[in-house]
Amino acid sequence: MRAHVVGWGKYVPDRVLTNDDLARMVDTSDEWIVTRTGIRQRRIAEEGETTATMAVQAARQALEGAGVSPGQVDVIIVATATPDYLFPSTACLVQDALGATRAAAFDLAAGCTGFVYALAVAVAMVEAGAVRTALVIGSETLSRITDWTDRNTCVLFGDGAGAVVLQGGPDDGGVLSAVLSADGSGADLLMLPAGGSRLPASHHTVSERLHFIKMQGRDVFRFAVRVIPTATREVLRRAGLSPDDITLLIPHQANGRIIESAMKDLKLPPEKVYNNLERYGNTSAASIPVALCEAVEEGRLGPGDIVICVGFGAGLTWGAVAIRWTRPRPVAAPTWRQFLRRLIYLWAALRSWLRRLWWWIRT
Ligand code: COA
């Protein structure tokens with residue numbers, strides 16, 4: 001049994017925050033941000049938009065594209081560092097909103113490597129025969145844990161969500177290999193110090209701004225530059241491939257200079273490396289699925305192509321997956337089938353809403 005990516009979707013909030021906007025908030029400039037990071041703008045969630053609501057939007061698109069109804073989903077994994085609540089899991093909120101009543105649901109925390117971790121876990125579940133259809137989502141509302149007075153970090157992050165539908169099947173291809181790694185000794189290089197059981201919310205944690213991202217930028221940079229090529233080579237080796245076989249490398253979108261360094265190390269030309277950093281900034285666990293979704297939409301992946309997704313982040317964690325793409329290139333015009341699917345989704349959403357209303361009336 002092989003796990004194939006059969007659907008993909010993304011959601012980014014409408015609100016755009018440019019580098020010039022940031023220069024009015026902290027002591028920075030468009031020139032500094034572009035040359036040091038490659039980022040020009042990022043999306044920021046509106047009030048009322050959360051990690052769960054964005055995940056639902058991306059998931060609906062992915063399910064619709066796959067022609068899979070919410071009722072067919074066996075498991076939902078949401079990779080996130082910014083869950084709606086510490087508990088219940090964001091995945092359970094997504095499960096309810098989609099009406100995916102048969103699905104098990106859980107969150108996965110591996111920082112910006114979250115999506116790669118979640119994908120690897122879902123693939124293992126599919127290959128073991130434990131599930132047939134998995135919905136894997138990376139969703140983040142980093143704007144809510146960003147210190148908008150700290151120029152070292154606030155220029156880097158953005159909000160968004162991406163999702164893929166994985167399905168087991170007998171055909172060759174699909175996810176070929178995965179590699180997951182961690183080094184907890186680097187935990188303090190990138191963290192959200194307060195709000196957990198070690199440092200619960202208090203006047204002190206709030207006044208010391210401990211509910212915001214703290215990062216040792218240079219150390220994280222050095223770590224990222226080292227692990228992207230290592231993880232990429234290892235995942236290729238496990239799949240019996242070499243860097244020459246790569247059609248498209250999708251690295252975690254954190255910093256243009258990190259991506260350039262990986263490109264050089266792996267001797268990949270720019271057209272083989274996906275980069276949408278300038279439009280979204282670092283969206284953590286959402287960055288790879290959003291990039292994958294855009295790469296497919298742009299027609300950059302076709303049947304037989306090899307795509308490598310490689311991530312790194314808080315933990316420290318890093319990892320990669322190698323996929324032999326088995327889906328046809330997307331067609332632009334919507335078909336009557338897609339129209340029917342949309343109707344089914346509307347009905348599922350309405351049903352979930354009516355259930356909630358009924359529950360509210362009764363209690
Ligand atoms: N605007 C203007 N100046 C800034 C600035 C900003 N937004 N942020 C920092 N600076 C200043 C610093 O204060 C420092 O000034 P100083 O020399 O007077 O002390 C100077 O710029 C250089 O700072 P430094 O931290 O050495 O810059 P850098 O070249 O390492 O770039 C990062 C900083 C954060 C862009 C870079 O380290 C990075 O991208 N690290 C990885 C972060 C990451 O990817 N995190 C997520 C991982 S999932």
Side-chain angles (χ1 to χ4, degrees), residues 17-42 79-82 108-118 138-143 145-160 162 180-184 186-193 212-231 250-263 273 275-278 280-291 309-320:
L17 187 73
T18 66
N19 291 347
D20 288 335
D21 294 332
L22 277 167
R24 286 188 281 276
M25 296 158 63
V26 290
D27 182 13
T28 190
S29 66
D30 177 55
E31 196 262 332
W32 192 96
I33 302 171
V34 172
T35 51
R36 299 290 177 115
T37 72
I39 301 166
R40 290 182 188 279
Q41 60 179 50
R42 66 287 294 143
T80 186
T82 49
L108 190 151
C112 300
T113 325
F115 181 78
V116 170
Y117 263 65
S139 184
E140 301 282 12
T141 325
L142 293 169
S143 60
I145 58 163
T146 297
D147 185 345
W148 294 107
T149 65
D150 175 13
R151 70 175 183 172
N152 291 296
T153 52
C154 76
V155 299
L156 302 175
F157 301 108
D159 300 334
L180 302 179
S181 305
D183 175 8
D188 56 351
L189 297 183
L190 180 52
M191 71 187 319
L192 188 70
F212 296 120
I213 298 168
K214 306 288 176 208
M215 184 182 70
Q216 307 293 326
R218 281 184 208 176
D219 292 330
V220 175
F221 191 97
R222 276 195 286 270
F223 149 72
V225 162
R226 180 169 52 82
V227 297
I228 294 183
T230 318
I250 303 185
H252 169 45
Q253 307 286 306
N255 183 308
R257 288 186 293 146
I258 294 174
I259 295 176
E260 269 166 34
S261 160
M263 238 164 63
V273 182
N275 187 337
N276 62 8
L277 188 70
E278 65 169 18
Y280 303 127
N282 178 348
T283 57
S284 188
S287 94
I288 289 177
V290 167
C309 299
V310 56
F312 59 91
L316 298 168
T317 55
W318 64 101

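Atoms within a ligand are numbered from 1 in the order they appear, just like the ligands themselves. FYI, side chains are in, hydrogens and waters are out, and symmetry mates aren't considered; it's all heavy atoms of this structure. This structure is a prediction, so every number in the text was calculated from the model and none was measured.
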Open item on the list: Nearest 0.5 angstrom please: L189 CG to R218 CZ, how far?
Closed with: 13.5 Å
Open item on the list: Centre-to-centre under 6.0 Å for W318 and F223, is that the case here?
Closed with: yes
Open item on the list: Could you go through T283 and E140, starting from their C-alpha distance and side-chain angles, then the distance that decides it, and tell me whether this counts as side chain to side chain donor-acceptor pair (under 3.5 Å)?
Closed with: CA-CA 6 Å; T283 57; E140 301 282 12; over 6 Å; no
TODO: State whether the side chain of R151 and the backbone N or O of D27 hold a donor-acceptor pair below 3.5 Å, judged by distance alone.
DONE: yes
Open item on the list: Donor-acceptor pair, distance only, cut-off 3.5 Å: does the side chain of T317 make one with the backbone of A110?
Closed with: yes
Hey, what polar pairs (N/O, under 3.5 Å) does ligand 1 make with protein?
{"from": "ligand 1", "atom 1": "1 (N)", "to": "T28", "atom 2": "OG1", "distance (Å)": "2.6"}
{"from": "ligand 1", "atom 1": "3 (N)", "to": "W32", "atom 2": "NE1", "distance (Å)": "3.4"}
{"from": "ligand 1", "atom 1": "3 (N)", "to": "R151", "atom 2": "NH1", "distance (Å)": "3.4"}
{"from": "ligand 1", "atom 1": "7 (N)", "to": "T28", "atom 2": "OG1", "distance (Å)": "3.1"}
{"from": "ligand 1", "atom 1": "7 (N)", "to": "R151", "atom 2": "O", "distance (Å)": "2.9"}
{"from": "ligand 1", "atom 1": "13 (O)", "to": "R151", "atom 2": "NH2", "distance (Å)": "3.0"}
{"from": "ligand 1", "atom 1": "26 (O)", "to": "R218", "atom 2": "NE", "distance (Å)": "2.6"}
{"from": "ligand 1", "atom 1": "26 (O)", "to": "R218", "atom 2": "NH2", "distance (Å)": "2.6"}
{"from": "ligand 1", "atom 1": "27 (O)", "to": "R36", "atom 2": "NH1", "distance (Å)": "3.3"}
{"from": "ligand 1", "atom 1": "29 (O)", "to": "R36", "atom 2": "NH1", "distance (Å)": "2.7"}
{"from": "ligand 1", "atom 1": "29 (O)", "to": "R257", "atom 2": "NH2", "distance (Å)": "3.3"}
{"from": "ligand 1", "atom 1": "37 (O)", "to": "G217", "atom 2": "O", "distance (Å)": "3.3"}
{"from": "ligand 1", "atom 1": "39 (O)", "to": "N255", "atom 2": "ND2", "distance (Å)": "2.7"}
{"from": "ligand 1", "atom 1": "40 (N)", "to": "G217", "atom 2": "O", "distance (Å)": "2.9"}

- [ ] Report the C-alpha distance between V290 and Y280 in whole Å, list the side-chain angles of each, state the deciding distance to 0.1 Å, and finish with yes or no for side chain to side chain contact (heavy atoms under 4.5 Å, CB included).
- [x] CA-CA 10 Å; V290 167; Y280 303 127; 4.0 Å; yes
